[in-house]
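Report on one structure; see the data block that follows.
So that the names make sense, note that chain A is the first sequence line, chain B the second, and so on, each numbered from 1. As the structure is a prediction and not an experimental result, all values here were calculated from the model.
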There are 2 protein chains.
Amino acid sequence: MKSEETRTHPDRERGHLDREQVLAAATALVKQHGPQALTMRKLAAELGTAVTSIYWHVGNRESLLDALVERTLADLGAIHPTGRAPDRRIVSVARALRRQLRDHPHLVAMVHERGLTERMFLPAQQVLVHEVHAAGLRGTRAADAVRAVQVHVVGHVLVERNRERAPVQRPGEEELWGAQTAEQDPALARALARPVDPEALFTMSVKALVSGLLHTGIGPGT
Amino acid sequence: MKSEETRTHPDRERGHLDREQVLAAATALVKQHGPQALTMRKLAAELGTAVTSIYWHVGNRESLLDALVERTLADLGAIHPTGRAPDRRIVSVARALRRQLRDHPHLVAMVHERGLTERMFLPAQQVLVHEVHAAGLRGTRAADAVRAVQVHVVGHVLVERNRERAPVQRPGEEELWGAQTAEQDPALARALARPVDPEALFTMSVKALVSGLLHTGIGPGT
DNA sequence: ACCTGAACACCGTTCAAGT
DNA sequence: ACCTGAACACCGTTCAAGT
């Protein structure tokens, strides 16, 4: 058991533990050191209780993480599109969703680890439906476009997060395209050797995707 | 220690253990039950050795997984584009890459868990560079297009894999859009209530992305 | 050069026993 | 209704000791 001083939540007097305190302490642990640092034993130490008390309030580690995910997603807040042209409004929703998810890296990790990636779609789905409809898509084509944007954003965030976690890549694009010319195109080789700017790459690719979804014959539903 | 009969590799006589046998047994375990089932102790049981012998040959669990990832990626085989039009060739590369990764779900999990997602890009990168160049893109624009396609494919596979792992989603699109009308568009609501066809969604979205990358002013590099 | 068991420092979870 | 410690069945890793 930790002493009062070293605990993160010295506000908890030796009265009764409740579910709220467990969730708060768990949230703090995850925020500081990530989901893998949230062990039942550390949590108990943080709370100054026996490990087993936690089980009485939250069942087990699994449902504790469920609760954290649900709470964080509920706190994300609504997304407000900006701009006038339909393209721009959809792109702005994609960027806002990406930013929300990026601002909660541990949430993304927890959701993905627990197979709930689809859950991350929902907060933005209503807004996207509205904007895609306003852009003139209907029925199946509209639904497909919404889902395409959703998967693109969430997939991009997953890849980004992962890239940032990796220290140095083993073969690595840098060495791969370093001196070597690519298709006799030194500018291409140089560009591939440079590190990626994730923000720019995201904006560019989502613009291209939305443009393809709205403006070409091969769009969704075909 | 397991008996000879219950071991997966009874071929290993009680002679010497070597790195190759460790990797083979580890691969078998991962193939059957996924990376989280690969524990040093189970592996030792499978091999009929002491746990600690494994450490002599592969260092630790971390570098064992490194080796597995590297080996599986090396075995993936080259990607051969099909079709004549540049769009179609690039789309065919994307679909082939997706299929390769989907055929090795545990590889994708291992690579992602270990922060090596970028590593999954490389096998297809040279091919994509060639095709994008053939499509007429140059320099930074070409590099951006290559990366946009790569991230789209890998991100899509990550989301797909995750969706399949999830049993039933909690709020779920089905209930969300069940009776409710979306933008007075019953066909849209019905489409959103239907389960996703991942293959169709992928093909459609990658076509839209490639079209946007090649055929519009707002493409990469701007 | 290779293998071994014992030991260490962790996990999540169950359960009977307390108040 | 809530909390407790002991115990179980696991982990990865280190290390001195064997051959």
Side-chain angles (χ1 to χ4, degrees), chain A residues 1-4 6-7 9 11-27 29-30 32-69 106 109-110 113-115, chain B residues 1-4 6-7 9 11-27 29-30 32-69 106 109-110 113-115:
Chain A
M1 192 191 289
K2 279 187 170 179
S3 70
E4 284 286 339
T6 59
R7 281 203 256 114
H9 297 279
D11 45 300
R12 198 181 87 78
E13 289 309 309
R14 72 187 77 268
H16 293 292
L17 184 67
D18 64 8
R19 186 183 159 85
E20 191 50 46
Q21 291 172 344
V22 174
L23 289 183
T27 303
L29 265 181
V30 168
Q32 289 169 44
H33 307 101
Q36 87 290 354
L38 175 58
T39 71
M40 302 304 268
R41 285 172 151 91
K42 277 185 200 153
L43 187 53
E46 206 69 31
L47 287 162
T49 59
V51 198
T52 43
S53 305
I54 299 172
Y55 283 81
W56 201 92
H57 291 285
V58 297
N60 53 26
R61 187 172 186 273
E62 192 76 355
S63 47
L64 171 56
L65 286 172
D66 275 344
L68 290 191
V69 164
H106 298 320
M110 285 166 62
E113 268 168 31
R114 306 170 43 63
Chain B
M1 194 190 289
K2 280 186 171 181
S3 70
E4 283 287 337
T6 59
R7 279 204 256 115
H9 297 279
D11 46 299
R12 197 181 88 78
E13 289 307 310
R14 71 187 78 268
H16 293 292
L17 184 66
D18 65 8
R19 186 184 160 85
E20 192 50 46
Q21 292 173 343
V22 174
L23 289 183
T27 303
L29 265 181
V30 167
Q32 288 170 44
H33 307 103
Q36 87 290 352
L38 176 59
T39 72
M40 303 303 267
R41 285 173 151 91
K42 278 185 200 153
L43 187 52
E46 206 70 29
L47 287 163
T49 59
V51 198
T52 44
S53 306
I54 299 172
Y55 283 82
W56 201 93
H57 291 284
V58 297
N60 52 26
R61 188 172 185 272
E62 191 76 356
S63 47
L64 171 56
L65 286 172
D66 276 344
L68 290 191
V69 164
H106 298 320
M110 284 165 63
E113 269 168 28
R114 305 171 46 62

Checklist entry - For the pair made of CE in A/Met40 and C1' in D/dC11, what is the distance, rounded to whole Å? => result 17 Å
Checklist entry - Quick one: B/Asp18 CG to C/dC2 P, roughly how many Å, whole number? => result 9 Å
Next on the checklist: When you compare the side chain of A/Leu43 with that of A/Thr49, does any pair of heavy atoms fall below 4.5 Å?
Outcome noted: no
Item to check | Distance in angstrom units between A/Leu17 CG and D/dC3 P, rounded | outcome: 5 Å
Checklist entry - Ignoring hydrogens and geometry, is there a side-chain-to-backbone donor-acceptor pair from A/Asp66 to A/Val69 under 3.5 Å? => result no
Item to check | Proximity to the side chain of A/Trp56 - top-ranked nucleotide from D/dT4, D/dC3, C/dG5 | outcome: D/dC3
Next on the checklist: Using whole Å, what does the distance between atom C1' of nucleotide C/dG12 and atom CD of B/Gln36 come to?
Outcome noted: 16 Å
Checklist entry - Does the side chain of B/His57 get closer than 4.0 angstrom to OP1 or OP2 of C/dC3 through an N or O atom? => result yes
Next on the checklist: Determine whether a donor-acceptor pair (N or O, by modelled atom type, separation under 3.5 Å) exists between the side chain of A/Glu20 and the backbone of A/Leu17.
Outcome noted: no
Item to check | Separation of atom CG in B/Leu65 from atom C1' in D/dG12, rounded to whole Å | outcome: 12 Å
Checklist entry - Does A/Thr49 make a side-chain N or O approach to OP1 or OP2 of D/dC3 shorter than 4.0 Å? => result no
Checklist entry - When the distance from CD1 of A/Ile54 to P of D/dT4 is rounded to whole Å, what number comes out? => result 10 Å
Checklist outcome for this item: pair_partner(D/dA16), Watson-Crick or wobble, both distances < 3.5 Å, evaluates to C/dT4
Checklist entry - What is the distance, rounded to the nearest whole Å, between atom CD of A/Glu62 and atom P of C/dT13? => result 8 Å
Item to check | Backbone N/O of B/Gly59 and side chain of B/Glu62: donor-acceptor pair under 3.5 Å | outcome: no
Checklist entry - So, does the side chain of A/Thr39 form a donor-acceptor pair with the base of C/dG12 at under 3.5 Å? => result no
Item to check | Between C/dT13 (C1') and A/Arg61 (CZ): distance, integer Å | outcome: 13 Å
Item to check | CD1 on A/Ile54 to CZ on A/Arg41, rounded to 0.5 Å | outcome: 10.5 Å
Checklist entry - So does B/Ser53 get a side-chain nitrogen or oxygen closer than 4.0 Å to the phosphate oxygens (OP1/OP2) of C/dT4? => result yes
Next on the checklist: Give me the distance, rounded to whole Å, that separates D/dC10 from C/dA9 when you measure between the P atoms they each carry.
Outcome noted: 22 Å
Item to check | Nucleotide nearest B/Ala50 (side chain, heavy atoms from C-beta), chosen from D/dC11, C/dG5, D/dA7 | outcome: C/dG5
